[in-house]
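The structure appears below as structure tokens.
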Protein chains: 2
Amino acid sequence: MKPISPRQQDILNFIRQFIEQEEFPPTIAEITRALGLKSPHGVREQLQALARKGAIELIPSASRGIRLLQKAAEQDGLPLIGKVAAGRPLMTEANVEQYCKLGPELFQNKADYLLRVQGSSMRDAGILDGDLLVVQQAAEARSGQIVVARLHDEVTVKTLRLAGEMAYLEPANPEFPVLAVDLSKQELSIEGVVVGVIRNRID
Amino acid sequence: MKPISPRQQDILNFIRQFIEQEEFPPTIAEITRALGLKSPHGVREQLQALARKGAIELIPSASRGIRLLQKAAEQDGLPLIGKVAAGRPLMTEANVEQYCKLGPELFQNKADYLLRVQGSSMRDAGILDGDLLVVQQAAEARSGQIVVARLHDEVTVKTLRLAGEMAYLEPANPEFPVLAVDLSKQELSIEGVVVGVIRNRID
DNA sequence: CGGTAGACTGTCCATAAGAACAGTGTTCTT
DNA sequence: AAGAACACTGTTCTTATGGACAGTCTACCG
């Protein structure tokens with residue numbers, strides 16, 4: 001999108017705030033008054049510029065015919081990442097299955113995305129195949145936390161255990177092995193910390 | 001709130017749908033056209049009636065000055081029921097801890113409320129102490145479903161197993177007993193069906 | 001049987017609000 | 001130095017819109 005001038009940003013902010021408060025968009029005259037201007041025409045031109053830049057949509061001849069466009073991102077909620085394509089960063093368009101609205105009041109830590117669990121290696125921690133993990137993006141984690149980690153281009157969910165130069169990725173299922181990583185020799189990148197679990201299928 | 005007539009409900013539905021689609025409320029004339037009426041005055045009176053009944057708010061002299069009021073209930077999200085007071089219906093004000101916003105796209109079945117789990121009797125089904133169950137209100141359930149049931153004034157979460165006149169409430173933890181209920185002698189009331197699980201604390 | 005509420009038509013008015021035209025001055029970039 | 005984008009004032013025009021008045025018809029409620 002093209003750059004938005006400071007004044008246009010002012011107008012955009014006012015519209016956003018107005019909608020927040022009144023539940024409908026302002027008229028051009030209301031914007032004019034709010035900015036302390038004397039003629040509505042200046043505002044009108046700015047609105048048309050904003051429309052050209054793709055920030056808003058103007059509905060011709062309709063009073064209060066202003067629609068904010070990139071509000072969409074907020075409304076979509078958290079991205080749900082299904083299958084992770086090898087060698088790709090997690091939060092890639094291609095990985096996102098859908099967007100889920102989740103109120104922030106549910107999780108004490110900020111949630112960044114949802115990740116669908118594959119396999120039952122964390123079964124005894126109450127994380128089952130097909131569950132959605134609520135993940136907070138983080139590059140580091142404390143020992144004992146359940147993390148989303150990337151090892152040799154593969155993404156895995158395990159409990160992280162740190163002991164000096166060694167990191168252990170512990171499953172919560174005796175049928176799976178503990179992965180030991182020598183941090184001085186291999187690279188282990190933390191993608192995020194699990195802050196919640198959601199199960200939407202009960203069999 | 002006072003009762004809303006069928007016609008007024010029509011108008012309310014149209015306004016709701018219009019806002020959903022256009023992001024701003026309709027004008028009186030637009031409502032008139034949508035309902036196939038010839039004069040805007042009839043609609044105007046209905047709007048004033050709706051305002052008297054507390055369903056909407058009319059902002060005088062403002063174009064599209066219609067605000068939906070009980071939209072608040074939706075916005076509040078699902079009620080989260082913490083501890084259940086004995087002998088009281090579940091969805092009582094006193095039982096509600098808070099309201100949580102949850103997008104409906106997450107659960108294929110409609111969710112009615114959240115219930116905090118106490119105890120670990122469903123541990124092996126991946127339902128742990130402190131988890132939030134996503135519950136759909138229902139008076140009946142199929143055999144094999146995980147249900148919220150009330151037995152002797154106590155609310156419990158178990159897998160329901162039906163066999164003729166007998167109902168079994170099976171825990172998912174060998175440390176807990178199966179509860180057998182003879183439906184011809186005792187009363188077992190189903191409060192709802194579990195359609196999802198949310199864990200917001202990871203220890 | 002009168003009163004009230006619901007559900008309209010039809011007309012009219014004042015103004016709120018979008019649209020357009022004619023300008024002015026500034027700050028950039030090319 | 002010219003052109004484009006920004007950031008306005010000021011005026012005029014038309015239509016969209018809310019608001020008001022005068023009625024009609026029906027269904028209920030007590």
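Residue numbers begin at 1 in each chain, while the letters A, B, ... track the order of the sequences.
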A:P60 near the nucleic acid: base, sugar-phosphate alone, or nothing, with a heavy-atom cut-off under 4.0 Å?
-> sugar-phosphate
SB check A:R150 A:E191 (cutoff 4.0 Å) = yes
Integer-rounded Å distance: D:dC6 P and A:L50 CG = 9 Å
How long is the gap from CG on A:L128 to CG on B:D124, to the nearest 0.5 Å?
-> 10.0 Å
Keeping the roles fixed (side chain from A:N173, backbone from A:S120), state whether a donor-acceptor pair exists under 3.5 Å.
-> yes
Roughly, in whole Å, what's the span from CZ in A:R44 to P in C:dA17?
-> 14 Å
Nearest-angstrom distance from the residue atom CZ of B:R64 to P of C:dG18 = 9 Å
Phosphate oxygens OP1/OP2 of D:dA7: is one of them under 4.0 Å from a side-chain N or O of A:S5?
-> yes
If each of B:Q8 and B:S61 is mapped to the nucleotide of DNA chain C with the nearest heavy atom, which maps nearer the 5' terminus, i.e. the 5' end?
-> B:Q8
Within the modelled atom types, does a donor on one side and an acceptor on the other bring the side chain of A:S63 and the base of C:dG18 under 3.5 Å apart?
-> no
Backbone N or O of B:E97 within a donor-acceptor pair of the B:R116 side chain at under 3.5 Å?
-> no
Pair assignment for D:dA7, Watson-Crick or G-U wobble, requiring both distances under 3.5 Å = C:dT24
Measure the CD1-CD distance between B:I59 and A:E22 for me, rounded to the nearest 0.5 Å.
-> 6.5 Å
Which of the following nucleotides, D:dG18, C:dC8, D:dT9, is nearest to the side chain of B:L37?
-> C:dC8
Measure from CD on A:Q48 to P on C:dG18 and round the result to the nearest Å.
-> 12 Å
Send over the distance from B:L47 CG to C:dA7 C1', rounded to a whole Å.
-> 13 Å
Assess whether one donor atom and one acceptor atom, taken from the side chain of A:H41 and the base of C:dC21, lie less than 3.5 Å apart.
-> yes
Between the base of C:dC8 and the side chain of B:E45, is there any donor-acceptor pair under 3.5 Å?
-> yes
Roughly how many Å is it from CD1 in B:I28 to C1' in C:dA14, rounded to a whole number?
-> 15 Å
In whole angstrom, what separates B:K53's NZ from C:dT4's C1'?
-> 13 Å
Residue-phosphate contact under 4.0 Å: A:Q46 side-chain N/O, D:dA7 OP1/OP2 = yes
Taking CZ from A:F24 and C1' from C:dA16, how many angstroms apart are they, rounded to a whole number?
-> 13 Å
Per atom distances to the B:T27 side chain, the nearest of D:dG18, C:dG6, D:dC6 is D:dG18
A:K38 side-chain proximity, nearest of C:dC8, D:dT17, D:dT9 | D:dT9
